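What follows is a short report on a single structure.
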Amino acid sequence: MRCRWMWILPLVLLGAAVAWGQEKETVDPMDWLSIPDFSVEAAVGTGVTEAGALQGEAARFPAEVGVVFCRVDAIDLSRPLKVNVVWLREDEERSRIALALDKNHFNGTAQMNIPAAQAGSWRVEVQDERGQVLAVAPFVVGKPSVLEGEPLKKAPPAKRQP
């Protein structure tokens, strides 16, 4: 009886090996290095020309700026790239805009309406599809939320009452 079922084991093992091989993704052997073959730059300003050039580039804007534009440039881009332009006030995400870049369209712009009531410290992060930050453009609208260069002051400890 033992010999009758012995031929099944090699078939099961062969089937498992074939199934495992089909599920395995093709992976670029150099992908583990995570060395990008391109770079991404981001800058913020008050407008964009018809040709796509950024106008009024700055790191500080008045509280009444209204709209801030972010220009994203991919340098030495050889393959299509999808990025997210993430607008953050303090560390709170306020907006996320998707851009598709490629070697023919290697730059793009995104804009954010910022009312005077939202003045403070802002930043734009350009992220790839996995959420890896490729570029950061910090800026201030009106007064910064925390004075730059000064440490945060902690409240004095509460006094114990006997």
Side-chain angles (χ1 to χ4, degrees), residues 23-162:
E23 290 178 14
K24 193 173 180 182
E25 294 180 20
T26 304
V27 178
D28 181 6
M30 299 303 283
D31 191 38
W32 65 273
L33 292 173
S34 297
I35 300 172
D37 54 351
F38 61 90
S39 62
V40 175
E41 295 178 354
V44 290
T46 56
V48 179
T49 66
E50 285 185 29
L54 188 63
Q55 294 179 320
E57 184 176 341
R60 289 185 176 272
F61 301 99
E64 300 79 25
V65 68
V67 179
V68 175
F69 292 82
C70 177
R71 179 180 166 99
V72 177
D73 291 299
I75 301 160
D76 295 331
L77 191 62
S78 61
R79 57 185 164 79
L81 175 68
K82 292 181 182 177
V83 297
N84 291 308
V85 179
V86 182
W87 297 81
L88 298 121
R89 181 175 182 270
E90 305 304 323
D91 286 326
E92 183 181 337
E93 183 175 325
R94 295 303 178 109
S95 179
R96 180 177 293 259
I97 301 165
L99 292 178
L101 307 174
D102 60 40
K103 63 182 177 182
N104 296 323
H105 300 95
F106 54 88
N107 58 42
T109 57
Q111 68 184 51
M112 177 72 181
N113 294 327
I114 302 177
Q118 296 295 317
S121 300
W122 285 78
R123 76 178 184 273
V124 176
E125 291 183 354
V126 180
Q127 300 177 357
D128 67 7
E129 291 178 305
R130 292 184 267 168
Q132 181 179 10
V133 178
L134 304 173
V136 178
F139 63 98
V140 174
V141 174
K143 293 184 179 179
S145 304
V146 176
L147 295 177
E148 295 175 13
E150 287 190 22
L152 294 174
K153 294 181 181 177
K154 293 183 178 179
K159 293 182 181 180
R160 292 186 185 178
Q161 293 183 358

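Nothing here was measured: the structure is a model prediction, and the numbers come from that model.
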Supply the atom-to-atom distance [X] [atom1] to [Y] [atom2], rounded to the nearest 0.5 angstrom.
{"X": "Thr109", "Y": "Leu99", "atom1": "OG1", "atom2": "CG", "result": "7.5 Å"}
{"X": "Asn84", "Y": "Glu125", "atom1": "CG", "atom2": "CD", "result": "11.0 Å"}
{"X": "Trp122", "Y": "Arg94", "atom1": "CH2", "atom2": "CZ", "result": "5.5 Å"}
{"X": "Leu134", "Y": "Gln127", "atom1": "CG", "atom2": "CD", "result": "8.0 Å"}
{"X": "Met112", "Y": "Arg89", "atom1": "CE", "atom2": "CZ", "result": "10.5 Å"}
{"X": "Thr46", "Y": "Phe61", "atom1": "OG1", "atom2": "CZ", "result": "6.5 Å"}

Which is it for Phe139 and Val124 under the side-chain contact (heavy atoms from CB on, under 4.5 Å) test, yes or no, and what are the steps along the way? CA-CA 8 Å; Phe139 63 98; Val124 176; 3.7 Å; yes
Mind listing the closest non-hydrogen atom pair of [X] and [Y] along with its distance?
{"X": "Asp128", "Y": "Gln132", "answer": "OD1-N, 2.8 Å"}
{"X": "Leu101", "Y": "Ala74", "answer": "CD1-CB, 4.0 Å"}
{"X": "Gly142", "Y": "Arg60", "answer": "O-NH1, 4.5 Å"}
{"X": "Ala110", "Y": "Val85", "answer": "CB-CG1, 4.0 Å"}
{"X": "Val48", "Y": "Gln55", "answer": "N-OE1, 4.1 Å"}
{"X": "Leu54", "Y": "Gly47", "answer": "CD1-O, 3.5 Å"}

Step by step, work out the side-chain contact (heavy atoms from CB on, under 4.5 Å) result for Ser121 and Glu90. CA-CA 6 Å; Ser121 300; Glu90 305 304 323; 4.0 Å; yes
Report yes if the side chains of Glu93 and Val86 come closer than 4.5 Å at any heavy-atom pair, otherwise no.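 Yes, their side chains come closer than 4.5 Å.
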Less than 4.5 Å apart, any side-chain heavy atom of Arg123 and any of Asp91?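 Answer yes - side chains close enough.
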side-chain contact (heavy atoms from CB on, under 4.5 Å), that's the test. Do Arg96 and Leu88 meet it? Break it down for me. CA-CA 9 Å; Arg96 180 177 293 259; Leu88 298 121; over 6 Å; no
Could you walk me through whether Asn107 and Arg71 pass the side-chain contact (heavy atoms from CB on, under 4.5 Å) check? CA-CA 7 Å; Asn107 58 42; Arg71 179 180 166 99; 2.7 Å; yes
